[in-house]
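All remarks here apply to the structure that follows.
The structure presented is a predicted model; accordingly, all values stated were derived computationally and were not measured. Start at 1 and go down the list; that is how both ligands and their atoms are numbered. Nothing fancy with the numbering, it's 1 onward along the sequence.
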Amino acid sequence: MHHFPIFLAVEGRRIVLAGGGDAALAKLRLILKTSARVTVFAPDPAPEIAAWAAAGKLTLHTRAMAPGDTLCAKLFYAASEDPAEDARTAAIAHADGALVNIVDNLEDSAFITPAIVDRDPVTIAIGTEGAAPVLARAIKRDLEERLPTALGPLARIGKEFRKMAELLPFGRARRDFWADYYDRAGPMAFAQGEDAVRPALDDLLSQHLDRGAQPGHVHFVGAGPGDPDLLTLKARKALDAADVVIHDRLVAPEILELARREATILDAGKEGFGPSTPQARINAMIVEHGRQGAQVVRLKSGDPTVFGRLDEEIEAVEQAGLAYTIVPGITAASAAVAGIGQSLTRRGRNGSVRLLTGHDMQGFADHDWAALAAPGTVAAIYMGKRAARFIQGRLLMHGADPETPVTVVENAGRADARTLATSLARLQPELSEINFAGPAVVMLGLRPREAVTVLSRADAMQLASKSSPKEIAL
Ligand code: SAH
């Protein structure tokens, strides 16, 4: 981010603009929405500018700007559409201490003007740092359609009511009150006319005061494989409303970004609580926050019901008498097969699919190896990187075909996904050669649909020095 968005206090302050043509008009339409004192220097102003001056909306000087004209100005716009003239006026304004914007000259501007959605006092500013003004306008159009015009009046009336709302305890109770107002009670009352809004606020406040403290709730939420676009809408909503988010190590930072800004984010997978937090400690964290009335989001990678120790956490929550819900997510195996163009099940090949763990509390996990060794078997092996040699040995010992396809997908469902397509016989040497650092799922019995292998440049370079295993970058 090279431009930091802020909202500048301009009431009663000077904003000066030099220019009288189309560029000046476009900027003035925005600036005149503010309560600043606006001064324009234009030897030959457009008729609209003269009309605004006549109506007292701005002060117009029909001459070129000169040194001293921008004294005490907060902002200055050079909008003459003549680069030499703009550079001249910008230098004057800069010397006078104003923040300077030169229209259509990002490089020499100290600030840029965003696209604005105006529901005063709610103002949404959209910026692309000059990269894509078209995109900013498209977003603006989208928001204009989506945001009710009542938003402005509702926010204004709401602002006057803030002191009254302080009768509610700070935090969740007050937030719930405002959410109820903006989502439901406010728009409903506004439909009867603006005068109905204030009485509706009074009613709503007494309802909320009667309601007392709300109990906490625990949402066990699947974060999917890492791409925020693969979150469910329910997961998004839970993150939006969260007071506390307790997440695992594998949950991607882009997803944590989506949590409500005020939410407390706790990492249950990392230092601070020890290299990996003991399960009992995680259970205690969930219960502690739930008991305090918080909306707790227990965020797990993939699907919370797959190798997520969910049941232990549910039991703790039940014992504490707290309510909970489970929001499913896309598990690593689903993301992995989507990436290699295969199905988890296929008519005539496999009528069942197994989800296995490579290791459990005792070490490498034991499974029904004979069944897994049968032709056509498809299994997704989670936490299988370190157990690969063990699994390979057991399967071959139980008569599995050494040419059984095996595909290992690292960072499945993410932009940096990498795939190793190999066979059961070659799995171990190739996997250790590639040395995947990210989470990887081993898909037994599946090969990528594409016969061609595509290498990304970085992978090709990395592999060039080795006798390369077949690797495709998805
Ligand atoms: N609940 C998760 C699994 C947690 S166990 C889910 O449903 O996906 C952790 C293991 O999941 C990792 O060791 C790895 O085998 C697998 N895994 C998680 N995310 C992955 C990803 N994006 N790509 C590949 N494997 C992943």
Side-chain angles (χ1 to χ4, degrees), residues 219-232 234-235 238 245-256 267-270 275-277 279 282 297-314 326-342 344 353-361 363-365 367 378-392 406-422 427 431-432 434-446 448 471-474:
H219 308 258
F220 294 102
V221 177
D227 178 351
D229 281 352
L230 290 177
L231 280 171
T232 62
K234 274 200 176 164
V245 178
I246 304 173
H247 68 93
D248 283 342
R249 186 175 55 86
L250 283 181
V251 173
E254 302 90 295
I255 288 177
L256 294 174
D267 185 345
K270 220 179 61 183
S276 103
T277 316
Q279 189 59 48
I282 299 175
V297 169
R298 174 67 178 111
L299 195 60
K300 292 169 179 287
S301 75
D303 184 283
T305 72
V306 177
F307 303 124
R309 302 188 72 173
L310 176 64
D311 299 71
E312 294 159 63
E313 294 176 10
I314 289 181
I326 302 174
V327 180
I330 293 179
T331 191
S334 300
V337 286
I340 61 172
Q342 292 291 5
L344 281 173
V353 60
R354 288 159 197 254
L355 305 183
L356 312 178
T357 174
H359 60 83
D360 56 23
M361 311 265 264
F364 293 150
H367 295 287
V378 172
I381 306 169
Y382 290 69
M383 296 169 276
K385 269 190 302 186
R386 269 194 297 146
R389 182 188 291 282
F390 172 77
I391 293 165
Q392 180 187 39
V406 177
T407 305
V408 187
V409 186
E410 182 203 35
N411 293 327
R414 304 187 192 176
D416 56 355
R418 292 200 303 162
T419 300
L420 166 71
T422 180
L427 171 64
L431 191 56
S432 59
I434 282 206
N435 196 14
F436 283 143
V441 63
V442 179
M443 302 302 300
L444 175 71
L446 293 179
E471 186 183 23
I472 60 170
L474 296 173

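- Among residues two or more places apart in sequence or in another chain, the ring pair (Phe, Tyr, Trp, His ring centres under 6.0 Å) test is passed with His247 by none.
- Checked against side-chain hydrogen bond (donor to acceptor under 3.5 Å, both in side chains), Thr357 has no partners two or more places apart in sequence or in another chain.
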message: If you apply the rule side chain to side chain contact (heavy atoms under 4.5 Å, CB included), what do you find for Val442 with Ile391, and how did you get there?
response: CA-CA 10 Å; Val442 179; Ile391 293 165; over 6 Å; no

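- No side-chain donor-acceptor contact under 3.5 Å links Lys234 to the backbone of Val327.
- Residues forming a side-chain hydrogen bond (donor to acceptor under 3.5 Å, both in side chains) with Glu312 (at least two apart in sequence, or on another chain): Arg309.
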Residues Arg414, Glu254; criterion salt bridge (Lys or Arg N to Asp or Glu O under 4.0 Å); working and verdict: CA-CA 11 Å; Arg414 304 187 192 176; Glu254 302 90 295; over 6 Å; no

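- Protein residues with a heavy atom closer than 4.0 Å to ligand 1 are Pro225, Leu250, Ser301, Gly302, Asp303, Val306, Phe307, Thr331, Ala332, Tyr382, Met383, Val409, Asn411, Ala412, Arg414, Pro439, Ala440, Val441, listed by chain and number.
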